[in-house]
Amino acid sequence: LSGCGLEKTPDYVLFSGTIQNPRGEKAFVSGSDFSHELQVKEDGTFSDTLRVTQGYYSFSHAEMTTIFLTPGDSLHLDMDTAQYDESLVYSGTGAVANNYLAKKYLEKEKLTGDYKALYLLDEAAYVKKNQDIKEACTLLLENLKATDPEFVEIETKNLNYEYLGMLQYYESSHAYY
């Protein structure tokens, strides 16, 4: 079909990486209906073909982070387990969305602070704090350059879902602390 000008979109993601200070020989990518074990070589590198649908997945090796995969991507991850979240850097196709997710996590961590202190806030202050977090993450998303509009749409909905989820947790978490 490519001779007719129609190229089939691959149904897989090429996912590779280099892990400084690897902890073991395995890493994992998982989603709601997907789980795959990656072999980490002695030098900390890994590479595999993942047959996935577009969406959020978890990557875990010592700790866990959220990644966004789209069939056709060729994504590379550089990281150091000694500074896990602070060291995540993606390159290749799909890198813009995934670098955003890494920055979003750090921003949320900075703004949230201690969860106990967060849940001890009175309701109005808790709602305001979560609005501030959502707005900061939305601003990060709006500042992305050359990214997939479909990712922006999905992530915008996800930010709202995360915000509403945090509001739902307030009553039980506030009572717990």
Side-chain angles (χ1 to χ4, degrees), residues 1-3 6-112 114-115 133 136-137 140-141 143-162 165-166 169:
L1 287 177
S2 62
L6 300 174
E7 289 190 33
K8 185 178 178 194
T9 303
D11 65 347
Y12 57 86
V13 172
L14 300 175
F15 187 44
S16 62
T18 303
I19 302 172
Q20 299 299 318
N21 302 304
R23 297 186 187 163
E25 301 171 353
K26 295 179 174 138
F28 300 91
V29 175
S30 58
S32 61
D33 60 352
F34 178 84
S35 182
H36 189 79
E37 182 179 292
L38 303 166
Q39 296 302 312
V40 179
K41 296 178 185 172
E42 201 171 296
D43 65 358
T45 61
F46 66 88
S47 182
D48 213 333
T49 301
L50 307 177
R51 296 200 182 282
V52 295
T53 57
Q54 183 183 55
Y56 296 97
Y57 293 83
S58 295
F59 171 80
S60 56
H61 179 82
E63 293 185 45
M64 189 173 65
T65 190
T66 300
I67 57 177
F68 190 83
L69 301 176
T70 299
D73 283 354
S74 180
L75 185 65
H76 183 84
L77 166 62
D78 287 303
M79 62 171 286
D80 185 342
T81 60
Q83 293 289 318
Y84 197 95
D85 296 316
E86 294 78 7
S87 73
L88 299 171
V89 177
Y90 298 90
S91 56
T93 53
V96 173
N98 285 288
N99 284 318
Y100 156 81
L101 290 172
K103 287 179 190 166
K104 174 184 134 179
Y105 178 83
L106 293 174
E107 185 70 13
K108 285 178 72 173
E109 185 178 56
K110 180 180 78 173
L111 293 173
T112 301
D114 175 54
Y115 273 95
I133 292 168
C137 293
L140 274 177
L141 183 62
N143 288 329
L144 286 183
K145 301 290 185 242
T147 193
D148 177 4
E150 196 171 1
F151 170 74
V152 173
E153 181 182 338
I154 292 167
E155 177 62 11
T156 299
K157 291 176 184 175
N158 187 58
L159 289 172
N160 193 51
Y161 175 79
E162 289 175 350
M166 288 300 291
Y169 298 142

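Since the structure is predicted, the reported quantities are computational estimates derived from the model, not experimental observations.
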Output the distance between atom [atom1] ([X]) and atom [atom2] ([Y]), rounded to the nearest 0.5 Å.
X    : Y    : atom1 : atom2 : value
L159 : I133 : CG    : CD1   : 11.5 Å
L50  : Y12  : CG    : OH    : 12.0 Å
S16  : D48  : OG    : CG    : 10.0 Å
L69  : L75  : CG    : CG    : 6.5 Å
T53  : F34  : OG1   : CZ    : 9.0 Å

| request: Verify the neighbour count for atom CD of E25: are there more than 12 heavy atoms of other residues, nucleotides or ligands below 6.0 Å? | output: no
| query | Do H61 side-chain atoms and K26 backbone N/O form a donor-acceptor pair below 3.5 Å? | reply |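 Yes, the answer is positive, given that a donor and an acceptor are paired below the 3.5 Å cut-off.
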| task | Tell me whether the centres of the aromatic rings in F59 and F46 are closer together than 6.0 Å. | result |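 Distance test on ring centres: under 6.0 Å, yes.
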| message | Applying salt bridge (Lys or Arg N to Asp or Glu O under 4.0 Å), can you list everything that pairs with K108, at least two apart in sequence or on another chain? | response | E162
| task | Output all residues satisfying salt bridge (Lys or Arg N to Asp or Glu O under 4.0 Å) with E153, sequence neighbours left out; order by chain, then residue number. | result |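 By the salt bridge (Lys or Arg N to Asp or Glu O under 4.0 Å) rule, E153 matches K157.
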| field | The single option from L101, L77, I67 passing side chain to side chain contact (heavy atoms under 4.5 Å, CB included) against L88 | value |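 With L88 as partner, side chain to side chain contact (heavy atoms under 4.5 Å, CB included) holds for just one option, L77.
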| task | Please identify each residue that fulfils side-chain contact (heavy atoms from CB on, under 4.5 Å) with T45, with sequence neighbours left out. | result |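 Partners of T45 by the side-chain contact (heavy atoms from CB on, under 4.5 Å) criterion, ordered by chain and then number, come out as T18, K41, D43.
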| said: Holding to side-chain contact (heavy atoms from CB on, under 4.5 Å), I want the full list of residues that pass it with Y105, two or more places apart in sequence or in another chain. | reply: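 Once residues adjacent in sequence are excluded, the partners of Y105 under the side-chain contact (heavy atoms from CB on, under 4.5 Å) criterion are D85, E109.
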| T70 vs F151, side-chain contact (heavy atoms from CB on, under 4.5 Å): CA-CA, chis, key distance, verdict | CA-CA 9 Å; T70 299; F151 170 74; over 6 Å; no
| From Y56, F15, Y57, residue fulfilling ring pair (Phe, Tyr, Trp, His ring centres under 6.0 Å) relative to F68 |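 So, applying the ring pair (Phe, Tyr, Trp, His ring centres under 6.0 Å) to F68 and each of Y56, F15, Y57, only Y56 qualifies.
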Specify the closest pair of heavy atoms between [X] and [Y], including all atoms of both residues, with the distance to one decimal.
X    : Y    : result
E86  : L106 : OE2-CD2, 4.1 Å
L111 : A136 : CD1-CB, 3.5 Å
D148 : E150 : OD1-N, 2.9 Å
P71  : Q54  : CD-N, 3.7 Å

| query | Can you list every salt bridge (charged side-chain N to carboxylate O under 4.0 Å, His left out) pair that touches residues 65-83, not counting sequence neighbours? | reply |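 Listed once each, the pairs would be none.
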| Contact list for residues 88-103, test side-chain hydrogen bond (donor to acceptor under 3.5 Å, both in side chains), sequence neighbours left out |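 Sorted result for residues 88-103: Y100-E155.
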| field | Note: E107-K104 ion pair, threshold 4.0 Å (strictly below) | value |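 Judged by the 4.0 Å cut-off on N to carboxylate O distance, E107 and K104 do not form a salt bridge.
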